[in-house]
Amino acid sequence: MTVVRVAVVGATGYTGLELLRLAAGHPEIRVTVATSRREAGKTLSEYWGFSPLPYEVRITSPDPDHLAAEAEVAFLCVPHGTAQEMAAELLSRGIKVIDLSADFRIPDPEVYQRWYETPHRFPGLLSEAVYGLSEIHREEIRRARLVANPGCYPTAALLPLVPLVREGLVEPRDILIDAKSGVSGAGRKAEVSLSFCEVNEDFRAYRVAAHRHTPEMEAELTRAAGSEVRVLFTPHLTPMQRGIFATIYAYPRTGEGEIHEALRDFYAESPFVEVLPPGRVPRVAEVRGTNLCRIGLRLDHRTGRLVLLSVIDNLVKGASGQALQNLNLVQGWPEDLGLPRAPVFP
Ligand SMILES: NC(=O)c1ccc[n+]([C@@H]2O[C@H](COP(=O)([O-])OP(=O)(O)OC[C@H]3O[C@@H](n4cnc5c(N)ncnc54)[C@H](OP(=O)(O)O)[C@@H]3O)[C@@H](O)[C@H]2O)c1
């Protein structure tokens with residue numbers, strides 16, 4: 001194996017920092033570029049106040065020529081809208097791109113425009129991008145030069161749902177996704193509604209029936225079902241720093257044992273997805289700091305509903321960990337290379 005030089009675009013945000021932390025434990029990559037428009041000139045340790053890497057990197061402004069000269073792969077840890085421009089510039093210079101934003105996740109440019117309220121400027125690249133839900137699209141990711149890393153809520157919801165929808169083991173209608181996220185899911189930006197006194201001791205739903213992860217989940221479930229799927233998704237903000245807990249309700253077409261077996265078999269060769277015995281409830285504390293998704297399930301015989309429970313760390317499996325897992329696939333390395341499995345617990 002040869003060491004691959006990587007750029008972290010947006011190294012002063014939460015997903016950028018998480019990528020640096022994970023890169024520090026990865027034996028085959030070296031971060032050669034870390035960007036921020038506002039903090040250019042400082043070193044990473046001057047900005048963060050600690051050293052995320054065992055070597056020093058000076059922050060630079062995001063410049064495609066500089067990135068192309070210094071790196072072979074770029075992780076885009078920047079807001080949607082910004083990422084598509086940067087991805088196009090880098091791809092034209094022969095750099096592979098793993099984009100953590102939403103810019104390449106929705107295959108239909110009209111759907112993107114409706115939900116993101118701006119036209120997609122690179123529809124040609126949209127059709128080329130591979131949706132980076134690692135366990136579901138391994139083979140396509142291995143051949144990709146542009147990976148659209150999934151959103152955090154979609155990762156938590158789709159890992160239990162896609163195999164069941166694909167195999168016809170649940171009804172592809174009336175799927176309810178009720179999910180809760182820690183505050184780091186909103187990024188590092190300052191916002192009154194995300195400040196300590198507003199979030200601590202509070203619990204709230206937001207963007208009810210209007211969250212932008214809805215079309216992303218629907219696109220992937222539609223692909224799995226082979227026919228159009230609609231989901232009702234309600235996100236909530238919880239006073240945690242990290243973590244997503246998704247509770248999903250669906251009508252099963254078979255029994256609890258068969259559903260458990262199908263999920264367990266589907267993920268038998270997947271190092272980061274753990275399917276728990278029926279009735280065992282996963283906790284976000286069990287996945288904090290790891291690239292794991294843990295899935296529980298229970299059939300409620302009274303209502304005939306299947307309840308799926310899925311937990312991830314939004315910054316790891318929901319963002320930077322999955323991005324690194326995708327790089328491992330792109331490079332032909334072991335899928336779990338350099339990725340943590342043991343939680344930071346308690
Ligand atoms: N937080 C999560 O749990 C999570 C999970 C999955 C996916 N994501 C996605 O990952 C991306 C990054 O999220 P985050 O939470 O890390 O955000 P964040 O904490 O707000 O950080 C954003 C980073 O992007 C840079 N940036 C902002 N605007 C830019 C621009 N116009 N051009 C170049 N760089 C720019 C910022 O530095 P400067 O402003 O100094 O340039 C900063 O380093 C977003 O698209 C987000 O939706 C986040």
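Read the numbers this way: they start at 1 and go in the same order the structure lists the ligands and their atoms. All heavy atoms count here, side chains included; hydrogens, waters and symmetry mates do not.
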Is [X] salt-bridged to [Y], going by a charged N under 4.0 Å from an acidic O?
X      : Y      : result
Glu89  : Arg93  : yes
Arg280 : Glu286 : yes
Lys96  : Glu72  : no
Asp313 : Arg242 : yes

Protein contact to [atom] [nearest heavy atom, distance to 0.1 Å]:
atom                    : value
atom 45 (O) of ligand 1 : Val78 O, 2.7 Å
atom 39 (O) of ligand 1 : Arg37 NH2, 2.7 Å
atom 42 (C) of ligand 1 : Thr12 OG1, 3.4 Å
atom 13 (O) of ligand 1 : Thr15 OG1, 3.7 Å
atom 17 (O) of ligand 1 : Gly187 CA, 4.0 Å
atom 32 (N) of ligand 1 : Thr82 CG2, 3.2 Å
atom 9 (C) of ligand 1  : Leu100 O, 3.3 Å
atom 21 (O) of ligand 1 : Gly13 CA, 3.2 Å

Show the atoms of ligand 1 that are less than 4.0 angstrom away from any heavy atom in [X].
X      : value
Cys77  : 11 (C), 12 (C), 22 (C), 23 (C), 24 (O)
Arg188 : 18 (P), 19 (O), 20 (O)
Gly318 : 5 (C), 6 (C)
Ser36  : 37 (O), 38 (P), 40 (O), 41 (O)
Ser184 : 1 (N), 2 (C), 3 (O)
His80  : 45 (O)

Could you tell me whether atom 28 (N) of ligand 1 has a protein heavy atom closer than 4.0 Å?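 It does: a protein heavy atom is found less than 4.0 Å away from atom 28 (N) of ligand 1.
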Between Asp99 and Ser101, a side-chain donor and acceptor under 3.5 Å: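 A donor-acceptor contact under 3.5 Å links the two side chains.
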Distance-only side-chain donor-acceptor flag, Asp336 / Gln325, under 3.5 Å: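 Gln325 and Asp336 do not have a side-chain donor-acceptor pair below 3.5 Å.
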Using non-hydrogen atoms of the residue, decide whether Gly151 is closer than 4.0 angstrom to ligand 1.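 It does not, in that no heavy atom of Gly151 comes within the 4.0 Å cut-off of ligand 1.
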Do any heavy atoms of Gln322 fall under 4.0 Å from ligand 1?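 Outside the 4.0 Å threshold, so no.
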Tell me whether Tyr131 shares a hydrophobic cluster with Ile98, the cluster being built from Ile, Leu, Val, Met, Phe, Trp, Tyr side chains joined at under 4.5 Å.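 Shared cluster, no.
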How long is the straight-line distance from NE2 of His213 back to CZ of Phe233, given to the nearest 0.5 Å?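 So the gap between those two atoms works out to 7.0 Å.
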Ring-plane angle category for Phe50 and Trp48, please: parallel below 30°, perpendicular beyond 60°, tilted otherwise.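 Aromatic pair Phe50/Trp48 classed tilted.
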Determine the interplanar angle of the Tyr116 and His80 rings, folded into 0 to 90°, and report it as parallel if under 30°, tilted if 30 to 60°, perpendicular if over 60°.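 Correct class here is perpendicular.
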Do Arg288 and Phe345 meet the cation-pi criteria used here (NZ or CZ under 6.0 Å from the six-membered ring centre, within 45° of the axis)?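 Ring-cation test returns no.
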Using distance alone, determine whether Thr35 and ligand 1 share an N or O pair under 3.5 Å.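 Looking only at distances, the answer is no, because the N/O contact criterion of under 3.5 Å is not met.
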